[in-house]
Protein chains: 4
Amino acid sequence: MLEEGKIAEGDYVLLVHKNKSWLVKVKKDKKFQTHISSLDLSELIGKEYGYKTKDGLYYAFKPTLIDHVMNFKRETQIVYPKDAAYTILKLNIKPGSFVLELGTGSGAMTAYIANFVRPNGKVHTFDVNEHYIKIAKENLANIGLAEFVEFKTFTPEIKENYYDAAFVDLGDPWKLVEIVWKALKPGSVAAFLLPTYNQLEKLYSSMEKRFFPEETVEIFIRRLQVAENRTRPQNFVVGHTAFLIYCRKIV
Amino acid sequence: MLEEGKIAEGDYVLLVHKNKSWLVKVKKDKKFQTHISSLDLSELIGKEYGYKTKDGLYYAFKPTLIDHVMNFKRETQIVYPKDAAYTILKLNIKPGSFVLELGTGSGAMTAYIANFVRPNGKVHTFDVNEHYIKIAKENLANIGLAEFVEFKTFTPEIKENYYDAAFVDLGDPWKLVEIVWKALKPGSVAAFLLPTYNQLEKLYSSMEKRFFPEETVEIFIRRLQVAENRTRPQNFVVGHTAFLIYCRKIV
Amino acid sequence: MLEEGKIAEGDYVLLVHKNKSWLVKVKKDKKFQTHISSLDLSELIGKEYGYKTKDGLYYAFKPTLIDHVMNFKRETQIVYPKDAAYTILKLNIKPGSFVLELGTGSGAMTAYIANFVRPNGKVHTFDVNEHYIKIAKENLANIGLAEFVEFKTFTPEIKENYYDAAFVDLGDPWKLVEIVWKALKPGSVAAFLLPTYNQLEKLYSSMEKRFFPEETVEIFIRRLQVAENRTRPQNFVVGHTAFLIYCRKIV
Amino acid sequence: MLEEGKIAEGDYVLLVHKNKSWLVKVKKDKKFQTHISSLDLSELIGKEYGYKTKDGLYYAFKPTLIDHVMNFKRETQIVYPKDAAYTILKLNIKPGSFVLELGTGSGAMTAYIANFVRPNGKVHTFDVNEHYIKIAKENLANIGLAEFVEFKTFTPEIKENYYDAAFVDLGDPWKLVEIVWKALKPGSVAAFLLPTYNQLEKLYSSMEKRFFPEETVEIFIRRLQVAENRTRPQNFVVGHTAFLIYCRKIV
């Protein structure tokens, strides 16, 4: 076994070349092939993370959770880091939290939440689509987070007064307002992710006796290109991912 | 002692009236006085969080970490939730992380990080200003997070190869690039918060041999006003808080 | 009479102190009083525009159309320059255009359009509120643009096949789609200004047989604070004024 | 000759299919070929603008100035409509204005300005690159605006005290501050378009004795997708085109 901080066979590394990156599993004698060059992955074994390859073309970094999630196998849209991050904070998640998720999808948000409820909290995630659950399970198992999650096919029998927070990413969340409300402990926060204005309005009107709508937002992120004497914002920006509603259970 | 989920004397509650809120410590026979009304806080004791006061004017919610931080005692600018949240994710923070913070200020970011490294991680935070450290210490003690933090007056003797992540919120971070680089484990991420583009450029040129600059961003958040038949974005928006640089240690 | 480019009695000047400004009519022996100082307006007479006052506190500039409009007497919201400007271009307005305006309000947009249709074009503007029309008339007369405008109380008898462009700023524009359609020449563009997304949707569904919806936008403007070594975006931004719909008459 | 409002041979039409469009010159017996279909342009002759083709695939609209400019022949970046429009208003341009332009490029801004100074104003535009001037001249001639413009190879001999407004779109405008200042009448506005922060700062410091910097901005435009029950902002947005500085001549 290698020392901590060093790359071992079987580890994932993030290979970065300028503003492109690839998540790669290190295997002896395996080639990593791009349009840029061919790299023998054996070269990385035993090196420290942050290593620059001999051809000067790549850095080999230790993947972060975001790197893993952005490379998840998926058949659905996934929650963007900007939206996931703010939601984690607004939901008041912490180690030990019990969190309900409705709409597992590919498990992107499941992974972000699971990361932060460790070691003694748990995510209970539900989806009507068993195929999605299978994919999500694999994705989380792959990065060691599956043990903090229970994956379930959707059922209206959800524990009551049990959860510290809820995250809902479904097309028709107004049908689930009552279930979410019951599932949450008093004083807990629920977050809903929705792409259209119409859904916002429909959700608001269906939840007014159950939740206090604290904040509805959209989040933008703009990258900058920093370089001596020519620093400027980048040309392209994602203009819309989703609206996010944060609300608190009332009794 | 009261049941979980119920308001007890000495607890903090967030009193919310429409889009205004106040963080209040519940005391028997104490009045909470605003321009709206006078509320006898005794009324809240024994009630569940999410309780609506008899006068119909307030909800009493359980404060989230954001609620506490936004009400911190402070003599400095504090990191906004939108910026803190994305940074937590980019820094790959998780329960058990050891995090270096340079520039404690009022302890806002310290609190956000401490929340997520619990129970067995730690934040080591440094500031040259002892008065700020005193304030930050009180702020964190007040919400039960001080035990996950070591507060220190700034010293260049910082542990080497020790930290999983670093957050730097100082006016002249280029002076500390070397220290931050040494302090981090290989493959770790550092984040720098800076308000001007000039600082971005200066930092970039000073760190090019030590860090790979992965992403420099600014984050915007826009609130919406949702109401039947008159849903629209809100009129005012915070146009700028700071630029955020995320970079990875190279070796 | 004074030379061109010099300030005469009776002229309007824009007095600017740092980022504050005031539109002032120059009168001999009149004092202009602010919290900053008292300025004898006689000092300005005969000076060139761009003059700096002897006390070093003000510049006296020649007001632009925007300066005048932002200082219009008003009892309604007025169209922001960012929205007005883009609309002028999208409506394909030029000297000689005949433009229909429904919803005169205080005459802000009327003034912007009138400015650009001179000398041989015309704006026909309608409002149900006679008081608004009176105010708008005064506002435009005050800056010499009234002769390019016909102000009328609203009537459904509007010329057919006559206008090169139409601008509609009313709460319920779907009621007027047919009138606007008839009034426009084939191939002309109509613009609608609406603050809520609900109105967008309602308008779209009512106009689909009459207009091709080319573009629906919202426009943001962010100011920067430029100063040596501390250049940064400004802190506050207007987050929403209105949505703008641009569509073309179909036959 | 055909009636006004009807399409004649030799006219330009904008053929629109959903959110795509093409600027096409109508010729008898000519086919317009896309991946969508083949259209015999003869069909359009004698039809009114706004006509829907028999195959139900296209509308034939009368091109606006924006349509023409976006289809200009070009070898340079062109000014975006959002930036051009706000600049026209800030520069206080109107029929009869004399406007100086430094940096003709492909003539996009030249065309927008020329459109609004008609019939008795003029644009004097300068570029060091004769090839660009040739292209710009052709572009403007093509849409009937060349007669309102004088195109010149750059020379420091520019008329003094002559212009009502100036627009500068060059990489090193600080070298021209003195020339622009002299060229403008007292009280006139100059606009500078610059893509980087560094240029802003350099320009500011070079002009502080000559111009009052009124406003430095960046303008964003976000399109919405409006459809019954699924109205939402569009996914992609242009994140940066340029910064715009508006300043007034001081004396």
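Since the structure is predicted, the reported quantities are computational estimates derived from the model, not experimental observations.
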Heavy-atom distance under 4.5 Å to chain C: side chain of [X], backbone, both or neither?
{"X": "D/Phe211", "result": "neither"}
{"X": "D/Lys185", "result": "side chain"}
{"X": "D/Ala60", "result": "neither"}
{"X": "D/Val13", "result": "neither"}
{"X": "D/Arg230", "result": "backbone"}
{"X": "D/Thr231", "result": "both"}

Please report the interatomic distance [atom1]([X]) to [atom2]([Y]), rounded to the nearest 0.5 Å.
{"X": "D/Tyr59", "Y": "C/Glu214", "atom1": "OH", "atom2": "CD", "result": "13.0 Å"}
{"X": "C/Ile66", "Y": "D/Glu215", "atom1": "CD1", "atom2": "CD", "result": "7.5 Å"}
{"X": "C/Leu89", "Y": "D/Leu89", "atom1": "CG", "atom2": "CG", "result": "10.5 Å"}

Give me the contact list for [range] versus chain D, heavy atoms only, anything under 4.5 Å, ordered by residue number.
{"range": "residues 112-119 of chain C", "answer": "C/Tyr112, C/Asn115, C/Phe116, C/Arg118, C/Pro119"}
{"range": "residues 218-226 of chain C", "answer": "C/Glu218, C/Ile219, C/Phe220, C/Ile221, C/Arg222, C/Arg223, C/Leu224, C/Val226"}
{"range": "residues 234-242 of chain C", "answer": "none"}
{"range": "residues 192-203 of chain C", "answer": "C/Tyr197, C/Leu200, C/Glu201"}

Is [X] in contact with chain D via its backbone, its side chain, both, or neither, using a 4.5 Å heavy-atom distance?
{"X": "C/Tyr86", "result": "both"}
{"X": "C/Pro63", "result": "backbone"}
{"X": "C/Asn19", "result": "neither"}
{"X": "C/Leu14", "result": "side chain"}
{"X": "C/Val189", "result": "side chain"}

Review point. Hey, which of D/Pro95, D/Ser21, D/Pro81, D/Pro233 has the most heavy atom pairs under 4.5 Å with chain C?
Key: D/Pro95
Side-chain contact test, heavy atoms from C-beta onward, threshold under 4.5 Å: evaluate it for [X] versus [Y] and give yes or no.
{"X": "C/Tyr49", "Y": "D/Val251", "value": "no"}
{"X": "D/Thr64", "Y": "C/Lys90", "value": "no"}
{"X": "D/Asn92", "Y": "C/Lys62", "value": "no"}

Revision key, fill the gap. For D/Arg248 and C/Phe61 the tightest heavy-atom approach is CB-CE2, 3.4 Å
Review point. Would one find more than 12 heavy atoms of other residues, nucleotides or ligands at under 6.0 Å from atom OH of C/Tyr80?
Key: no
Check your understanding: Top residue by heavy-atom pair count (under 4.5 Å) with chain D, among C/Asn229, C/Asp83, C/Leu244, C/Ile245?
Key -> C/Asn229
